[in-house]
Amino acid sequence: MQPTLASLVQHSALKLTVLAGSDRLDAPVRWAQVSELTDPVPYLDGGELLLVTAMKLDAEDPAAMAAYVRRLVAAGVVGLGFAAGVNYEHVPAALVDAARAEDFPLLEVPRRTPFIAITKAVSAAIAADQYRSVTAGFEAQRELTRAALSAEGPAALLARLATHVGGWAALFDVSGALVAAAPSWAARRAGRLTADVERLRDRPAPASAVVSADGDDRVELQSVGSSRRTRAVLAVGTDAPPGTAARYAVNSAVALLTLTTERSRALQAAEQRLGGALVRMLRGGETGHAHDVAGPLYGPLLDGPLRVVLAEDTTGGSGTPSPQAPEAPEALDALAEVVESGAARRGETVLAAADAGRLVVLAADGGAALEACARHARAVGESVVAVGVSPPTAAAEAATAFRQAEQALSVARRRGVPFVEHEEMAAGSVLPLLADDAVRAFAEGALRPLREHDASGRGDLVASLRAWLSRHGQWDAAAADLGVHRHTLRYRMRRVEEILGRSLDDPDARMELWLALKASDTRPG
């Protein structure tokens with residue numbers, strides 16, 4: 001531990017005597033400094049034991065000594081050592097009274113004790129404390145390394161780290177979700193840091209922050225990751241700033257977590273190539289070859305019902321490429337990380353690969369990866385990503401699932417929503433699909449001759465066509481809706497056929513005209 005005034009007083013060779021401030025001797029001493037200046041404060045840093053002979057001090061002047069002591073206290077000096085028998089036979093009463101008034105430690109240094117002996121004692125104690133801290137730090141590093149390499153991995157590392165810092169530790173993934181905490185009671189406390197973790201995560205790495213939790217806790221957040229993108233966040237809770245040994249332990253934990261969180265670039269590139277090859281095989285219906293190539297890495301994914309997910313960046317920017325998805329914009333890179341983190345927490349297999357500017361994900365049906373994908377897409381909104389998801393399918397039907405995911409993605413873009421599952425399209429109405437500029441253009445072109453006819457005041461053909469189609473060609477019902485005689489309606493429908501040059505007996509013609517009418521209803525404004 002650091003030297004204190006008490007340890008110096010107890011040093012048998014120094015023979016120091018306490019004259020004032022006896023209840024403040026536990027203050028740590030950062031250095032012992034000799035100064036005969038009447039105002040040494042500009043040259044001090046705080047935490048010093050100041051040693052004087054009073055060569056230039058008017059040590060018997062009560063007012064001068066009161067001002068002198070107050071300056072030392074304000075500067076953070078922890079104590080004053082006065083050499084007796086040099087310029088003054090004993091410590092002057094004025095100085096003793098001033099020190100007692102401020103409860104400021106004042107030590108009498110006997111003539112036979114040179115100042116250099118005190119300086120050496122302080123220096124030796126500081127060096128010993130630093131050596132102990134470094135030794136403890138290296139021991140912590142060895143223990144943390146063994147924990148990181150154990151079967152429990154990060155969980156074991158956090159447990160050892162919490163012991164070394166005398167507090168608690170927690171790890172959050174890139175999505176801000178709590179991965180592990182130690183001791184177990186710390187999980188609830190760490191759960192309150194989600195907002196702070198998300199703010200740190202959004203800053204370029206490396207980044208750190210100090211926040212508070214549950215009143216007295218001092219919580220230090222450290223980003224984890226070797227690139228500028230944060231891959232995880234480590235939280236360390238203590239009741240005071242970490243000392244040297246604890247700081248070694250925290251820094252070692254960050255380094256080890258970075259190694260366990262960041263895979264090598266070669267491995268990432270290999271997984272990307274393998275994932276891309278599997279996507280191409282499954283899209284092309286080569287299921288047998290896909291099973292052969294998948295191996296233990298992706299094999300479990302192909303053995304059960306899976307979902308195909310296609311995602312596009314809707315920001316319009318290219319983002320910053322990364323090893324995770326070198327062809328994907330930054331928004332898709334972030335989505336891939338969230339999906340992989342969600343799968344890792346549940347021990348699921350997931351494939352996330354870039355493909356021509358899109359992100360392709362193969363995920364287990366009903367699993368955490370799909371859940372994390374949906375949650376993240378909806379959180380960032382349609383202005384960032386658009387995601388389409390196929391129904392659950394076997395690997396043998398993956399080619400169909402890719403087409404279904406493509407259809408769902410198209411609907412997501414048209415509707416302006418971030419996440420669409422193919423089942424929603426089948427269960428819902430087709431009408432939202434008509435809200436498309438190309439469809440509206442078709443509708444305008446198909447109905448323009450009838451609208452021009454109506455604009456001339458020669459009839460109401462558009463309304464009559466709508467009523468007739470909505471009543472499935474039932475003359476009496478449609479005429480009643482319009483409030484006209486059925487012969488009038490028959491005449492109008494003949495005029496529609498003449499103007500459009502199409503027979504209303506043709507089911508394709510009726511379908512196209514009905515869709516044109518519905519599309520025209522979706523016009524903005």
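Just so you know, these numbers come straight off a predicted model, no measurement behind them.
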Show me the side-chain donor-acceptor pairs of residues 370-389 shorter than 3.5 Å, one per line, residues at least two apart or across chains.
residue	atom	partner	partner atom	Å
Glu371	OE2	Arg375	NH1	3.3

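- Salt bridge annotation for Asp454-Arg451: absent, with no cationic side-chain nitrogen under 4.0 angstrom from a carboxylate oxygen.
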Original post:
side-chain contact (heavy atoms from CB on, under 4.5 Å) between Val293 and Leu274: does it pass, once the steps are laid out?
Top reply: CA-CA 8 Å; Val293 170; Leu274 179 58; 3.0 Å; yes
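- Interatomic distance, CG of Leu482 versus CG of Asp460, reported as 7.5 Å (0.5 Å rounding).
- Listed here is the closest heavy atom pair of Pro242 and Ala246: CB-CB, 3.7 Å.
- Note: Arg142 CZ to Arg160 CZ = 13.0 Å, rounded to the nearest 0.5 Å.
- Atoms CG and CG, on Leu504 and Leu465 in that order, are 6.5 Å from each other to the nearest 0.5 Å.
- Under the salt bridge (Lys or Arg N to Asp or Glu O under 4.0 Å) criterion, Arg510 pairs with no residue at all, not counting sequence neighbours.
- Between Asp481 and the choices Arg471, Arg466, Gln474, the side-chain hydrogen bond (donor to acceptor under 3.5 Å, both in side chains) rule is met once, by Arg471.
- Remark: side-chain polar atoms of Asp313 are not paired, donor with acceptor, to backbone N or O of Leu332 under 3.5 angstrom.
- Contact between Leu158 and Ala181 at its shortest, heavy atoms only, is CD1-N, 4.1 Å.
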**OP:** Go through the steps to decide whether Arg307 and Thr393 satisfy the test side-chain contact (heavy atoms from CB on, under 4.5 Å), and finish with yes or no.
**Re:** CA-CA 6 Å; Arg307 299 260 197 153; Thr393 186; over 6 Å; no
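- Arg358 has a carboxylate O that lies under 4.0 Å from a charged side-chain N of Glu406, or vice versa, which qualifies the two as a salt bridge.
- A side-chain donor-acceptor contact under 3.5 Å links Gln222 and Glu220.
- Although no hydrogens or angles enter the test, the distance criterion places a donor-acceptor pair under 3.5 Å between the side chain of Ser223 and the main chain of Ala207.
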**OP:** Give the intermediate values and the outcome of salt bridge (charged side-chain N to carboxylate O under 4.0 Å, His left out) for residues Asp355 and Arg280.
**Re:** CA-CA 9 Å; Asp355 182 36; Arg280 290 190 292 274; 5.7 Å; no
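- When all heavy atoms of Ala369 and Ala363 are compared, the pair lying nearest together is CB-CB, 4.1 Å.
- In terms of the ring-ring contact (aromatic ring centres under 6.0 Å, His included) criterion, residue partners of His485 (sequence neighbours excluded) are, by chain and number, His487.
- Contact of the Val350 side chain with the Leu362 side chain is not registered, since no non-hydrogen atoms from C-beta on lie closer than 4.5 Å.
- Inter-residue side-chain proximity for Thr349 and Leu302 is flagged as unmet; no heavy-atom pair is nearer than 4.5 Å.
- Val496 has its side chain out of reach of His453: every pair of non-hydrogen atoms, C-beta onward, lies at least 4.5 Å apart.
- Inter-residue side-chain proximity for Glu497 and Arg502 is flagged as unmet; no heavy-atom pair is nearer than 4.5 Å.
- Looking only at side-chain heavy atoms (C-beta outward), Val165 and Val250 come within less than 4.5 Å of each other.
- Between Ala170 and Ala190, the shortest heavy-atom contact is CB-CB, 3.6 Å.
- Residues Val411 and Gln407 form no side-chain contact, since every pair of their non-hydrogen atoms from C-beta on lies 4.5 Å or further apart.
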**OP:** Using the side-chain contact (heavy atoms from CB on, under 4.5 Å) rule, take Leu256 and Leu157 through it: C-alpha gap first, then chi angles, then the decisive distance, then the call.
**Re:** CA-CA 9 Å; Leu256 289 167; Leu157 185 149; 3.7 Å; yes
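- In this structure, the side chains of Leu469 and Leu517 come closer than 4.5 Å at one or more pairs of heavy atoms.
- Rounding to the nearest 0.5 Å places CD of Glu397 at 13.0 Å from CZ of Phe402.
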**OP:** Check the pair Leu161, Leu234 against side-chain contact (heavy atoms from CB on, under 4.5 Å), reporting the backbone distance first and the verdict last.
**Re:** CA-CA 11 Å; Leu161 177 61; Leu234 173 67; 4.1 Å; yes
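- Here the shortest heavy-atom pairing between Pro183 and Trp168 reads CD-CB, 3.8 Å.
- Between Val361 and Ala352 the shortest heavy-atom distance is CG2-CB, 4.2 Å.
- Other residues, nucleotides and ligands place more than 12 heavy atoms under 6.0 Å from the NE2 atom of His291.
- In this structure, Phe172 and Val179 have side chains that are not in contact, with every pair of non-hydrogen atoms separated by 4.5 Å or more.
- Rounding to the nearest 0.5 Å places CG of Asp506 at 9.5 Å from CG of Leu513.
- For the atom pair OG1 of Thr400 and CG of Leu282, the computed distance is 12.0 Å after rounding to the nearest 0.5 Å.
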